[in-house]
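In what follows, a single structure is set out as structure tokens and then discussed.
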Amino acid sequence: QVQLVESGGGLVQAGGSLRLSCAASGRTFSTYSMGWFRQAPGKEREFVVAISGNSDRTYSIDSVKGRFTISRDNAKNTVYLQMNGLQPEDTAVYYCAAIRTLYSTEIRQSDKYNYWGQGTQVTVSS
């Protein structure tokens with residue numbers, strides 16, 4: 001069983017930055033790809049970024065390309081989301097999630113993920 005604990009959310013002005021962290025329990029962290037999803041008010045949960053177990057591949061949606069960067073430190077069992085140039089449309093609850101899969105297409109599908117964090121609120125003011 002993998003437990004995920006998120007931190008780093010908060011309130012920031014447009015153009016600002018935040019770094020989210022997700023700390024994982026367990027002894028098999030490196031065998032999981034890790035993703036970040038978000039859910040804005042009145043919207044469906046949306047894939048944002050993901051990273052493979054050994055960091056050799058990353059994935060993202062076009063709207064955050066060049067602004068958001070995912071990284072991980074397997075020695076610390078932690079994945080990060082660096083968010084720069086934040087805009088009001090980035091306001092959402094952000095979730096960390098873990099998936100064991102051989103198929104890169106599944107990394108973008110929320111219903112394929114095995115474990116989820118509690119979510120952390122990111123609010124961007126205009």
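Everything numeric here is computed off the predicted structure, so don't read it as measured data.
Residues Thr101 and Lys112 have side chains not in contact (no heavy-atom distance under 4.5 Å, counting atoms from C-beta outward). Here the side chains of Val49 and Thr58 are not in contact, with every heavy-atom distance at 4.5 Å or above. By the 4.5 Å heavy-atom criterion applied to side chains, Phe29 and Thr78 are not counted as neighbours. Side chains of Arg38 and Val64 form a contact here, defined as non-hydrogen atoms less than 4.5 Å apart.
The two residues Trp116 and Ser110 come nearest to each other via the heavy atoms CZ2-O, 3.3 Å. Closest heavy-atom contact between Gly53 and Ser33: N-OG, 3.9 Å. Across all their heavy atoms, Val124 and Asp90 have their closest contact at CG2-CB, 4.4 Å. Closest approach of Gly26 to Asn77, counting heavy atoms only: O-ND2, 3.0 Å. Of all heavy-atom pairs between Lys43 and Gln39, the closest is O-NE2, 3.2 Å.
Under 3.5 Å, the side chains of Ser17 and Asn84 contain a donor-acceptor pair of N or O atoms. When only modelled atom types and interatomic distance are considered, Thr123 and Gln121 share a side-chain donor-acceptor pair under 3.5 Å. Counted by atom type alone, Gln82 and Thr69 present zero donor-acceptor pairs between their side chains at under 3.5 Å.
One finds the OH atom of Tyr32 at 13.0 Å from the CG atom of Asn74 (value rounded to the nearest 0.5 Å). The CD1 atom of Ile99 sits 12.5 Å away from atom OG of Ser52, with the distance rounded to the nearest 0.5 Å. In this structure, CG in Asn54 is found 8.5 Å from CZ in Arg72, a value given to the nearest 0.5 Å. Atom OG1 of Thr120 sits about 6.5 Å away from atom CD of Glu6, to the nearest 0.5 Å. The distance from the CZ atom of Arg108 to the CZ atom of Phe47 is 5.0 Å, given to the nearest 0.5 Å. A distance of 10.5 Å separates CG in Leu81 from SG in Cys22, rounded to the nearest 0.5 Å.
A side chain to side chain contact (heavy atoms under 4.5 Å, CB included) with Tyr80 is found for one member of Asp73, Leu20, Ile70 and no other, namely Asp73. Here the options are Tyr113, Tyr59, Tyr95, Tyr94, the test is ring-ring contact (aromatic ring centres under 6.0 Å, His included), and the partner is Phe37; only Tyr113 passes.
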#### Entry: Derivation of the side chain to side chain contact (heavy atoms under 4.5 Å, CB included) call for Met34 and Leu4
CA-CA 11 Å; Met34 300 295 297; Leu4 305 176; 4.1 Å; yes
### Query
Going through the checks in order, is the side chain to side chain contact (heavy atoms under 4.5 Å, CB included) test met by Trp36 and Cys96?
CA-CA 5 Å; Trp36 290 93; Cys96 175; 3.9 Å; yes
### Message
Could you go through Val122 and Met83, starting from their C-alpha distance and side-chain angles, then the distance that decides it, and tell me whether this counts as side chain to side chain contact (heavy atoms under 4.5 Å, CB included)?
### Response
CA-CA 10 Å; Val122 172; Met83 303 185 292; 3.9 Å; yes
### Stepwise side-chain hydrogen bond (donor to acceptor under 3.5 Å, both in side chains) test for Gln13 and Ser125
CA-CA 5 Å; Gln13 293 183 350; Ser125 62; 5.2 Å; no
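With hydrophobic clusters built from ILVMFWY side chains whose heavy atoms lie under 4.5 angstrom apart, Val5 does not share a cluster with Val79.
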